[in-house]
Amino acid sequence: MERIIERTADGSATLFVPSLNEHYHSVKGAQTESQHIFIDMGLNACLAKAPRILEVGFGTGLNALLTLQAAETSKRPVHYTGLELYPLAWETINELGYVAPLTSESSLFEFIHKVPWNMEAIITPYFTLEKQQVDVTRWASADQYFDLIYFDAFAPEKQPEMWTQELFNRLYAVLNTEGIITTYCAKGVVRRMLQAAGFLVERLPGPPGGKREILRGRKQ
């Protein structure tokens, strides 16, 4: 599948997939969007002392990188599980320039992408990673439960199989009480599916210069 690197409005890069006519991140600001939706409105709102995070759509690993940075700053340990059926090569990721080259952070980001799939790896004392190469629609949690879900699949009109009532019901079931799901998509049909699954859903302001609203659901 062809992927083209494009610069977004905040200066950070994303990938464009011509066959889907879709970007991995917002063209109005890739890093700004991820920081706002998944860290500010997700991780920072999570009540768990040592959150277990599930990411649906590991993609470029930007959300994982920002989460690692937040964990290192707060000294709050995170266990991070990323689901991705089509992993990207490190050579492609490296060209995006999310971290300065030849730094300790670039070494960690490379480690995130080069550790084997389907096994647990301690990246730092505050960030443990398990990447699973799997079709999310067929994924089973193996008795794992989570405190926070980053739902970052391609848009519903591009990947409708990822935005179904069945999947949201399954995600609700693997969340701990007071667990959170957060997503960039604020469509009414998505909000209603989250509510039908059992979530208490909030519409929240979107990232600066980006989407007007995002959605966050909490399990009561």
Side-chain angles (χ1 to χ4, degrees), residues 6-16 21-49 51-74 76 78 80 82-83 96 98 146-160 162-165 167-168 171-172 175-220:
E6 292 187 2
R7 196 62 52 184
T8 70
D10 66 0
S12 60
T14 190
L15 293 172
F16 175 65
N21 190 31
E22 177 75 325
H23 293 84
Y24 274 70
H25 306 285
S26 172
V27 296
K28 296 180 180 179
Q31 188 160 335
T32 298
E33 177 192 55
S34 290
Q35 176 70 35
H36 177 82
I37 297 170
F38 301 112
I39 307 303
D40 298 343
M41 299 299 175
L43 181 59
N44 292 348
C46 179
L47 302 177
K49 292 182 178 179
R52 297 184 66 88
I53 299 174
L54 174 69
E55 180 178 19
V56 177
F58 187 78
T60 65
L62 178 58
N63 296 334
L65 173 66
L66 294 175
T67 302
L68 182 151
Q69 292 170 341
E72 292 297 305
T73 298
S74 66
R76 183 187 185 195
V78 165
Y80 197 100
L83 308 181
L96 293 170
Y98 288 147
F146 302 92
D147 303 293
L148 175 59
I149 296 174
Y150 298 163
F151 197 86
D152 201 18
F154 285 141
E157 60 269 24
K158 309 296 181 178
Q159 271 191 321
M162 296 288 290
W163 303 81
T164 67
Q165 190 65 61
L167 181 54
F168 285 124
L171 293 177
Y172 184 87
L175 267 180
N176 291 319
T177 301
E178 296 298 324
I180 286 173
I181 184 170
T182 183
T183 180
Y184 65 87
C185 186
K187 289 179 179 291
V189 64
V190 175
R191 175 177 53 82
R192 289 188 291 273
M193 284 192 290
L194 289 170
Q195 291 172 328
F199 290 102
L200 179 63
V201 181
E202 304 172 85
R203 286 194 186 96
L204 300 173
K211 289 179 173 292
R212 187 175 64 180
E213 293 182 333
I214 64 170
L215 293 179
R216 181 173 68 196
R218 190 181 294 271
K219 183 174 183 177
Q220 299 299 297

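Excluded from the calculations below are hydrogen atoms, water molecules and symmetry mates; all remaining heavy atoms, backbone and side chain alike, are included. As the structure is a prediction and not an experimental result, all values here were calculated from the model.
From L194, atom CG reaches atom CD of E202 across 12.0 Å, with rounding to the nearest 0.5 Å. Between atom CG of residue L148 and atom CG of residue L47 there is a gap of 10.5 Å, rounded to the nearest 0.5 Å. With rounding to the nearest 0.5 Å, the separation of SG in C185 from CE in M193 is 8.0 Å. Rounded to the nearest 0.5 Å, atoms CG (D147) and CG (N176) are 5.0 Å apart.
In this structure a side-chain-to-backbone donor-acceptor pair under 3.5 Å is present from D10 to T32. Proximity of a side-chain donor or acceptor of E6 to a complementary backbone N or O of T14 within less than 3.5 Å is not detected. Using a distance-only test at 3.5 Å, with no hydrogens or angles considered, a donor-acceptor pair links the side chain of E33 to the main chain of S26. R216 contributes no side-chain N or O that, together with a main-chain N or O of T182, makes up a donor-acceptor pair within less than 3.5 Å. For H23 (side chain) and A30 (main-chain N/O), no donor-acceptor pair under 3.5 Å exists by modelled atom type. Judged by distance alone, with hydrogens and angles left aside, the side-chain atoms of W163 form a donor-acceptor pair with the main-chain N or O of F154 at under 3.5 Å.
Evaluation of the ring pair (Phe, Tyr, Trp, His ring centres under 6.0 Å) rule for F199 yields Y172 as partners, not counting sequence neighbours.
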Below 3.5 Å, can you tabulate the donor-acceptor pairs from side chains in residues 53-70 to any protein atom, sequence neighbours excluded?
residue	atom	partner	partner atom	Å
E55	OE1	Y80	OH	2.6
E55	OE2	N63	ND2	2.7
T60	OG1	H25	NE2	3.0
T60	OG1	L62	N	3.3
N63	OD1	S34	OG	3.0
N63	ND2	D152	OD2	2.9
T67	OG1	N63	O	2.7
T67	OG1	Y150	OH	2.9
Q69	NE2	E105	OE2	2.6

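Side-chain contact between P207 and I214: present, with at least one pair of heavy atoms (C-beta onward) separated by less than 4.5 Å. In this structure the side chain of R76 never reaches within 4.5 angstrom of the side chain of K49, judged on heavy atoms. Contact check for R191 versus E213: no side-chain heavy atoms found under the 4.5 Å cut-off. Proximity of Q35 to D40: side-chain heavy atoms (C-beta onward) are separated by under 4.5 Å at one or more points. The side-chain heavy atoms of K158 and N21, taken from C-beta on, include a pair separated by under 4.5 Å.
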Evaluate side-chain contact (heavy atoms from CB on, under 4.5 Å) for V190 paired with F151, printing each intermediate quantity in order. CA-CA 11 Å; V190 175; F151 197 86; over 6 Å; no

Decide side-chain contact (heavy atoms from CB on, under 4.5 Å) for T183 and I37; before the verdict, give the C-alpha distance in whole Å, the side-chain angles of both, and the deciding distance to 0.1 Å. CA-CA 7 Å; T183 180; I37 297 170; 5.8 Å; no

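When all heavy atoms are compared, the tightest approach of K187 to P156 is CD-CG, 4.2 Å. Nearest heavy-atom pair across M41 and L204 is SD-CD1, 4.0 Å. The two atoms that bring L96 and R7 nearest to each other are O-NH1, 4.0 Å, heavy atoms only. Between I180 and A45, the shortest heavy-atom contact is CD1-O, 3.4 Å.
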